[in-house]
**Q** 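Would you mind keeping the following structure in view while I ask a few things?
Keep in mind that the numbers below use all heavy atoms, side chains included, and drop hydrogens, waters and symmetry copies. In this text, all values refer to a predicted model and were calculated from it rather than measured experimentally. Numbering of residues begins at 1 and proceeds along the displayed sequence.
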Amino acid sequence: MDTQTARSGTPSAFDRTVLITGATQGLGLHLARDLAGRGATLILHGRDRGRLDRAADEVRAVSAGRGEVRTCLADLSDLDQVRSMAAAVREAEPRLDVLVNNAVAGGGAEPLLREVSAQGHELRFAVNCLAPCLLIRELLPLLSASAPARVVQVASVGQSAVDFDDVMMERGYEGLEAYCRSKLAMIMSTFDLAAQETSGTGVTFNALHPAHLMDTRGVREYGLTPEVSVEEGVRPTVRLITDPALAEVTGRYFDRFTDTAAHEQAYDPRARERLAALTRDLLA
């Protein structure tokens, strides 16, 4: 928890510009409300215009004029729309201090139904790994120009090794397994970005599991029973965004507030090289 909030019980001021993907419900919306109360300027992403506008109105009410609230519309399962969204942000925004890749494709209501993205990639891998990688790549110049800046990747404690012989899970498909593989891929790419691609940019990259089985649509849709409120996931995520003590921390995975180890494949240099090469090819 950020130290000022812990002492006073009220949010500390945070006069920064933050882009949150998947901000129309669940963790993304609750996170936006928290940051609005701290005075942040917020860019809310969603894929449905009606839900996005309602979320923006809700967050503006919390902000009460302390920070601006803007929106961007895109379906992250379509990489062309990701590129267009990033271009619109670059054109409209003078700075970007924090990017929170929160949007997610979960296990799904029909977990044995294999779905694909607009480009034909397995849906969970596309939304949970490829889209965040592309958005980071496209927005890195703006983040670097705004440095010090942070990228926060909302991952999961649910992680499974990526099968490089069947990355798109064309055999033996199951939605939760696809989700767990894609979340590990997200963590692996986070580590790579921190180690290789951002040297000297002043941008930090960290991933976290915000809370276990939060009360979200994705959890309920898969048939799981929520165990904690969404607010339990907000606090660890806000900490990665705002805490001055983490200003230079990069390339880490946090289980809520604890800096801990991810799945062992995340530390396999060969696996990370293979994933990075595949990602470059798929995003070309």
**Q** Kindly compute the distance separating CD (Gln265) from CZ (Arg270), expressed to the nearest 0.5 Å.
**A**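 Going from the CD atom of Gln265 to the CZ atom of Arg270 covers 12.0 Å.
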
**Q** Could you check whether Arg181 pairs with Glu122 (Lys NZ or Arg NE/NH1/NH2 to Asp/Glu carboxylate O, under 4.0 Å)?
**A**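 No salt bridge links Arg181 with Glu122.
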
**Q** Enter the distance from Thr41:OG1 to Asp15:CG here, rounded to the nearest 0.5 Å.
**A**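 Result: 6.5 Å between the selected atoms.
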
**Q** Donor-acceptor pairs under 3.5 Å, side chain of residues 139-149 to any protein atom, not counting sequence neighbours: which ones?
**A**
| from | atom 1 | to | atom 2 | distance (Å) |
| --- | --- | --- | --- | --- |
| Ser144 | OG | Leu140 | O | 2.8 |
| Ser146 | OG | Leu96 | N | 2.9 |
| Ser146 | OG | Leu96 | O | 3.4 |
| Ser146 | OG | Leu142 | O | 2.8 |

**Q** Can you give me the closest heavy-atom contact between Phe125 and Ala185, atom names plus distance?
**A**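 Nearest pair, atom of Phe125 first, then Ala185: CE1-CB, 4.0 Å.
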
**Q** Tell me whether Ser117 contacts the main-chain N or O of Asp78 through its side chain, where contact means a donor paired with an acceptor under 3.5 Å.
**A**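 Side chain of Ser117 to backbone of Asp78: no pair is present.
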
**Q** Taking only residues two or more places apart in sequence, or in another chain, which ones meet Arg90 in a salt bridge (charged side-chain N to carboxylate O under 4.0 Å, His left out)?
**A**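 For Arg90 the salt bridge (charged side-chain N to carboxylate O under 4.0 Å, His left out) partners, ignoring immediate neighbours, are Glu138.
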
**Q** I need the minimum non-hydrogen distance between Gly251 and Asn206, along with the two atoms involved.
**A**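 Closest heavy-atom pair between Gly251 and Asn206: N-OD1, 3.4 Å.
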
**Q** Using only atom types and a distance under 3.5 Å, with no angle test, would you say the side chain of Gln159 pairs donor to acceptor with the backbone of Ala262?
**A**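 No.
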
**Q** Going by side-chain contact (heavy atoms from CB on, under 4.5 Å), name the residues that satisfy it together with Val127, two or more places apart in sequence or in a different chain.
**A**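 Partners of Val127 by the side-chain contact (heavy atoms from CB on, under 4.5 Å) criterion, ordered by chain and then number, come out as Ser77, Ala105, Leu123.
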
**Q** Side-chain contact test, heavy atoms from C-beta onward, threshold under 4.5 Å: evaluate it for Leu31 versus Asn102 and give yes or no.
**A**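 Leu31 does not reach Asn102 side chain to side chain.
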
**Q** Check side-chain hydrogen bond (donor to acceptor under 3.5 Å, both in side chains) between Ser160 and all other residues, then give those that pass, not counting sequence neighbours.
**A**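 Ser160 satisfies side-chain hydrogen bond (donor to acceptor under 3.5 Å, both in side chains) with Glu177 only.
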
**Q** Quick one, Val249 and Thr204 - any side-chain contact, counting heavy atoms below 4.5 Å?
**A**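 Sidechains of Thr204 and Val249: no contact.
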
**Q** Is Thr258 reaching over with its side chain to a backbone N or O of Thr260, donor-acceptor style, under 3.5 angstrom?
**A**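 No, the answer is negative, given that no donor and acceptor are paired below the 3.5 Å cut-off.
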
**Q** At what distance, to the nearest 0.5 angstrom, does CG of Leu282 lie from CG of Leu134?
**A**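 One gets 11.0 Å once the value is rounded to the nearest 0.5 Å.
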
**Q** Roughly how far, to the nearest 0.5 Å, is the OG1 atom of Thr190 from the CD1 atom of Ile136?
**A**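 Those atoms lie 6.0 Å apart.
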
**Q** Are the side chain of Arg66 and the backbone N or O of Val62 linked by a donor-acceptor pair below 3.5 Å?
**A**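 A pair under 3.5 Å: yes.
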
**Q** With sequence neighbours excluded, tell me which residues meet salt bridge (charged side-chain N to carboxylate O under 4.0 Å, His left out) with Asp268.
**A**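 Expected list: none.
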
**Q** Suppose we screen for side-chain hydrogen bond (donor to acceptor under 3.5 Å, both in side chains). Which residues come up paired with Arg33, at least two apart in sequence or across chains?
**A**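 By the side-chain hydrogen bond (donor to acceptor under 3.5 Å, both in side chains) rule, Arg33 matches Glu58.
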
**Q** Quick one: does Phe205's side chain get under 4.5 Å of Asp192's, heavy atoms only?
**A**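 They are not in contact (no side-chain heavy atoms under 4.5 Å apart), so the answer is no.
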
**Q** What heavy-atom pair brings Ser189 and Gln153 nearest, and what distance separates the two atoms?
**A**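 Closest approach of Ser189 to Gln153: OG-NE2, 4.2 Å.
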
**Q** Quick check: closest heavy atoms across Gly233 and Pro236, and the distance to 0.1 Å?
**A**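 So the two residues come closest at O-CD, 3.4 Å.
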
**Q** Partners of Arg274 by salt bridge (charged side-chain N to carboxylate O under 4.0 Å, His left out), sequence neighbours excluded?
**A**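 Salt bridge (charged side-chain N to carboxylate O under 4.0 Å, His left out) check on Arg274 returns nothing, list empty.
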
**Q** What closest approach, in Å, do Tyr179 and Asn128 show between heavy atoms, and which atom pair accounts for it?
**A**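 Minimum heavy-atom separation between Tyr179 and Asn128: CD1-ND2, 3.9 Å.
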
**Q** Residues two or more places apart in sequence or in another chain: which of them pass side-chain hydrogen bond (donor to acceptor under 3.5 Å, both in side chains) with Thr279?
**A**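 Thr279 satisfies side-chain hydrogen bond (donor to acceptor under 3.5 Å, both in side chains) with no other residue.
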
**Q** Under the rule for side-chain hydrogen bond (donor to acceptor under 3.5 Å, both in side chains), what residues qualify as partners of Arg60, not counting sequence neighbours?
**A**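 Asp57.
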
**Q** With sequence neighbours excluded, what pairs up with Arg252 under the salt bridge (charged side-chain N to carboxylate O under 4.0 Å, His left out) test?
**A**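 Once residues adjacent in sequence are excluded, the partners of Arg252 under the salt bridge (charged side-chain N to carboxylate O under 4.0 Å, His left out) criterion are Asp259.
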
**Q** Only counting residues at least two apart or in another chain, list the ones meeting ring pair (Phe, Tyr, Trp, His ring centres under 6.0 Å) with Tyr267.
**A**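 For Tyr267 the ring pair (Phe, Tyr, Trp, His ring centres under 6.0 Å) partners, ignoring immediate neighbours, are Phe191.
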
**Q** Is any side-chain heavy atom of Ile43 closer than 4.5 Å to one of His45?
**A**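 Sidechains of Ile43 and His45: no contact.
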
**Q** Quick one: pull up CZ in Arg171 and CG in Asp166 and give me the separation to the nearest 0.5 Å.
**A**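 So the gap between those two atoms works out to 4.0 Å.
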
**Q** OG1 of Thr242 to CG of Asp97: how many Å apart, nearest 0.5 Å?
**A**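 Reported value, rounded in 0.5 Å steps: 12.5 Å.
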
**Q** Check which hydrophobic residues are tied to Tyr173 through side-chain heavy-atom contacts below 4.5 Å, counting indirect links as well, and list them.
**A**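 Met169, all in the cluster of Tyr173.
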
**Q** For the backbone of Val203 and the side chain of Arg150, can you confirm whether one donor and one acceptor N or O come within less than 3.5 Å of each other?
**A**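 A pair under 3.5 Å: no.
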
**Q** May I ask you to decide if Pro210's main-chain N or O and Arg256's side chain share a donor-acceptor pair within less than 3.5 Å?
**A**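 Yes: the side chain of Arg256 pairs with the backbone of Pro210.
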
**Q** Of all the heavy-atom pairs spanning Phe164 and Val167, show the shortest one and how long it is.
**A**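 Here Phe164 and Val167 meet closest at CA-CG2, 3.6 Å.
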
**Q** Checking Thr21 side chain against Ala103 main chain: does a donor-acceptor pair fall under 3.5 Å?
**A**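 It does hold such a pair.
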
